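Treat the numbers as computed from the prediction; the structure is a model and nothing was measured. Atoms within each ligand, like the ligands themselves, are counted from 1 in listed order.
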Amino acid sequence: MEIESANCKHRVSECTDFNQLNIERPLKIVQDIDGLETLVSELHKVFSKSYVNIQEVQKLMSSYKSDPKHWKKYAKFDRFRYTRNLVDAGNGAFNIMILCWGPGHASAIHDHADSHCFMKLLSGSLEEVRYDWPNTVEPEVLKKLKKPTRRCCSESEDNVVNKMTNLDITSDCDNCGQKGKIENEKCTDYEETGYNAQEMEEIGRTRLDVDDVCYINDALGLHRMENPSHVDGAVSLHLYCPPFDSCRVFDSRTGKPTEVKVTFWSMYGKKMKRVIESDPADQE
Ligand SMILES: N[C@@H](CS(=O)O)C(=O)O
Ligand SMILES: [Fe+2]
């Protein structure tokens, strides 16, 4: 399947072919959408169709040239952590928001709740750090991809060939109780903490410059974003489809996931009342 035919109106795990999701590099195309409002209305047009391909969304986002006068009313910073500022709720099909990163602000390692995530840098610079999924957590998309596993009691000799990641979740065999290989080999922390801890593996870093667009979904791994500047803020534009209001954050030392709510700092340019709860804005 070609990249053009990936329908991002659906959750990532509902896509029928996963190879096309692998857009790893920031896209650099400069065209001429002349304002954020125009971009949003173009996105509405695209998402009113039943079939929306990933590249179409990426191209649209690339076609808009960032200009602070278009988005400054949404750019509300906090001293302590990055903020999420809703621009448009996309008629329920997507949401688009502006994230403001103060100097040194970073997100925790997180997933994207089985949604497609497009991101464009509007100002400053950001670094994306990608991670492999920890062996102990299986995302929806990989459950779908997984072929029948070889069982230790030899009911099935099917080989598991997982092309997307080395995800390897093993557990005791239901029939004979034999322990999974990974569990036997890597259980040093398990007895003390009750959790099979494993340091998370970094699989790549990408520096984003202004107007670059990149894309991630759970099939491609986990990530965290960081504003590497200790002086300047950064502003990014994020589009999620379908929209989500919670995701998982991961402890980089153990891979342990925690479900967190994601909230908005402002909506449509108006600051929200402060609700104290955790989200992926926690610093490393
Ligand atoms: N996905 C994160 C921002 S980022 O670090 O990609 C969020 O929506 O808060
Ligand atoms: Fe993210």
* Asked: Are Trp71 and Phe118 connected in the hydrophobic side-chain network, where two residues link if heavy atoms are under 4.5 Å apart?
  -> yes
* Whether His110 has an N, O or S atom under 2.8 Å from the Fe ion (ligand 2) -> yes
* Atom indices of ligand 1 within 4.0 angstrom of Arg84 heavy atoms, with elements -> 7 (C), 8 (O), 9 (O)
* Has Cys117 got an N, O or S atom lying less than 2.8 Å from the Fe ion (ligand 2)? -> no
* **Main-chain N/O of Met225 paired to His105 side chain as donor or acceptor, under 3.5 Å** => no
* **Sub-4.0 Å heavy-atom approach of Met97 to ligand 1** => no
* At a 4.0 Å cut-off, with the gap strictly under it, does some heavy atom of His223 reach an atom of ligand 1? -> yes
* To do: Say whether, by atom type as modelled, one donor and one acceptor occur between the side chain of Lys73 and the main chain of Tyr268 under 3.5 angstrom.
  => no
* Is Leu99 in contact with ligand 1, taking contact as a heavy-atom separation below 4.0 Å? -> yes
* Could you confirm whether Cys247 has any N/O/S atom lying under 2.8 Å from the Fe ion (ligand 2)? => no
* Heavy-atom contact under 4.0 Å between Trp101 and ligand 1? -> yes
* To do: Mark the output for Glu128 as yes if a heavy-atom distance to ligand 1 is under 4.0 Å, and as no if none is.
  => no
